[in-house]
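Let me begin by presenting the structure, written as structure tokens, before commenting on it.
Everything numeric here is computed off the predicted structure, so don't read it as measured data. Throughout, numbering of the chain's residues begins at 1 and tracks the sequence. As the structure lists them, so they are numbered: ligands from 1, and atoms in each ligand from 1.
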Amino acid sequence: MKPELLINLAYIVAFILFILGLKMLGRQSSARRGNAISSLGMLLAVVVTLLDHHVVNYTWIMVGLGLGTAIGVVCARVVKMTSMPEMVALLNGFGGLASLLVGWAEYGKIRHLGWSAYLDSFAGTPAFTSAAIFLAVFIGGVTFTGSIYAFCKLAELVSGRPVLFRSQQLVNALLGFVLFAAGLVFVVTGQPDLALIAFSAFLAVSLILGWTLVMPIGGGDMPVVISMLNSLSGLAACAAGFVIANNVLVVAGCPVGTSGLILTAVMCKAMNRSLSHVLFSGFGAVPAASSAGGAGADGGASAITGELKPISPEDVFSVLEAARQVVIIPGYGMAVSQAQHVVRELSKRLENNGAEVRFAIHPVAGRMPGHMNVLLAEANVPYEQLVEMDAINPLMPHMDVAIVIGANDVVNPAAANDRASPIYGMPIIKAHEARTVICLKRGKGAGFSGLENQLFLLPNTRMLYGDAKATLQAVSAEFKNLASG
Ligand code: NAP
């Protein structure tokens, strides 16, 4: 059998392993195995590529392998679960940079050898290879600087607020125009010097554009941006695959591109916002219109009336002691206070007391997809206890108590009831339909959207103020006293 055929067969096996692994990542019970199977696919692809006769210098490959493995092991051990969005942003960025470097290196080879000598070793035409180089460099460059900026925002190395300036979109449109014009010249020109100028132009502009496109997007929207950049890193890898005629790179880039796009769409849908609103509206630049005490500054949101009714941990204990159906609704505040372990402890105490406990999970609770699932899994909350929003909402009127732990926007009834609210139409967990609602938060802080929340003022709601971990510990201690006394 020809070596080329063998290599391609091995690539097909590697790709099947990727897909199987991806499928298994969809369930918590099979996720670890899925990860291992995908890694095996990647190992196979790497080993087979190293056996390919195109690969001539193993020294640099060994250096890269050693360095990459060392960095990967350190990251896996050191990076906290809550820092995963930053980590993913960096990895996307490096994926983009790798594609950019592949495109750049191949262009260097072409300049050195000339087209005819270069094309002796690769099938293709100058126009096709140039177009692939343009795409790998342009998408890779935008992905690289965009991801680095997203990382800086999430790591709070720069302000998380959107940075807006006059004619920003015009500037971005002009940069986009220069980028594509340079790309077109690069592909069609036969003149090496003109091609070099065009290459330098689109390389520089793509790096600038990645930065300026992410600038007007607020830190809270970074997970959506990161998922989109993830998709772009896949497309860049795909383009790089065409540049060096490597089938596995082309094929592996596709699922990354599409799955990133699907995740972006799912997140936008769950927030009831369009992708263009996320990318261009500067959401979060100024606090969103508060509707407290009258119509919001947007001129429409309905007046919020009622009063906040504080409750002590001892009284919360009394309410919970009598409850038989309890739903816990975690949100971003649970992540901030790292209360997941105490939440788990309290849920066990409730169960020992005869209550049925469920965890209601909103798809965009927290600040990254699956944020709540990850935290609760870390605290060993059984997966069967997690109930998705659509499944829990019909059960809400039967719940004796809903405990809202640092969630705000995802339980804001305005999204369901108030047509004038900026978040109207965003699906929510209907905590307000439970018989009693206990909301844990530190004070009057608004959620990500900056809106006030009528839920906190409803007659059946009580506010348990303080850091969620501390207040939950106090409630749990009451149950402990009951058990020991
Ligand atoms: P949220 O609306 O951001 O509200 C979080 C609440 O937690 C705040 O009102 C805050 O009030 C409270 N809090 C903060 N620290 C706390 C602590 N230590 N102890 C107790 N409470 C604390 O959170 P959410 O309901 O989870 O909603 C998520 C929001 O993020 C949505 O608007 C969603 O669209 C957006 N978003 C999510 C994603 C994603 O992938 N998950 C991506 C992009 C955007 P106090 O300050 O008064 O304590």
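- Using a cutoff of 4.0 Å between basic side-chain nitrogens and carboxylate oxygens, Arg324 and Asp400 are not scored as salt-bridged.
- Across Leu100 and Gly141, no two heavy atoms sit closer than the pair CD1-CA, 3.4 Å.
- Nearest to atom 44 (C) of ligand 1 among the protein's heavy atoms is Gly220 O, 3.1 Å.
- Between Met267 and ligand 1, no N or O atom pair is found at a separation short of 3.5 Å.
- In this structure, atom 30 (O) of ligand 1 lies nearest to the protein heavy atom Arg367 NH1, 3.0 Å.
- Of all the listed residues (His371, Met463, Arg442, Lys469), Arg442 holds the heavy atom that lies closest to atom 10 (C) of ligand 1.
- Those atoms of ligand 1 that come under 4.0 Å of a heavy atom in Val336, given as number and element, are 15 (N), 18 (N).
- The CD1 atom of Ile361 sits 5.0 Å away from atom CG of Leu376, with the distance rounded to the nearest 0.5 Å.
- Against a heavy-atom cut-off of under 4.0 Å, Asp467 is close to the following atoms of ligand 1: 17 (C), 18 (N), 19 (N).
- For ligand 1, the polar-atom distance check finds an N/O of Phe448 within less than 3.5 Å of one of the ligand's N/O atoms.
- Rounding to the nearest 0.5 Å places CG of Leu350 at 6.5 Å from CD1 of Ile328.
- If you check which protein heavy atom lies closest to atom 32 (O) of ligand 1, you get Asp409 OD2, 2.7 Å.
- Atom 13 (N) of ligand 1 has as its closest protein heavy atom Gly333 CA, 3.5 Å.
- In terms of protein heavy-atom proximity, atom 25 (O) of ligand 1 is closest to Asn408 N, 2.7 Å.
- A cation-pi arrangement is absent between Arg442 and Tyr465, since the terminal nitrogen or guanidinium carbon is not both under 6.0 Å from the aromatic centre and inside a 45° cone about the axis.
- Leu235 contributes atom CG, which lies 5.0 Å from atom OG of Ser231 (distance to the nearest 0.5 angstrom).
- With respect to atom 6 (C) of ligand 1, the closest heavy atom belonging to the protein is Gly406 O, 3.4 Å.
- In terms of polar-atom proximity, Gly331 is not counted as a contact of ligand 1, lacking any N or O under 3.5 Å from an N or O of the ligand.
- Protein heavy atom in closest approach to atom 21 (N) of ligand 1: Lys441 CA, 3.4 Å.
- Heavy-atom proximity to Val410, at under 4.0 Å, picks out these atoms of ligand 1: 25 (O), 27 (O).
- Ring planes of Phe138 and Phe134: parallel class, angle under 30° (limits at 30 and 60°).
- For the atom pair CG (Leu455) and CG (Asn408), the distance works out to 8.5 Å, reported to the nearest 0.5 Å.
- Polar contact with ligand 1: absent for Ala407 (N/O pair, distance under 3.5 Å).
- Checking only distances, Gly366 does come within under 3.5 Å of ligand 1, N or O to N or O.
- Of the inter-residue distances, the one linking His371 atom NE2 with Leu375 atom CG reads 4.5 Å to the nearest 0.5 angstrom.
- The pair Glu356-Arg358 meets the salt-bridge criterion, with a side-chain N (NZ, NE, NH1 or NH2) lying under 4.0 Å from an Asp/Glu carboxylate O.
- Phe151 does not carry Lys153 over the face of its six-membered ring by the limits of under 6.0 Å from the centre and within 45° of the normal.
- To the nearest 0.5 Å, the span separating NZ on Lys348 from CG on Asn353 amounts to 15.5 Å.
- Remark: ligand 1 and Gly443 share an N or O pair separated by less than 3.5 Å (distance only, no angle test).
- Residue contacts with ligand 1, taken as heavy atom pairs separated by less than 4.0 Å, involve Ala446 solely via the backbone atoms N, CA, C and O.
- Closest to atom 19 (N) of ligand 1 among all protein heavy atoms lies Ala468 N, 3.0 Å.
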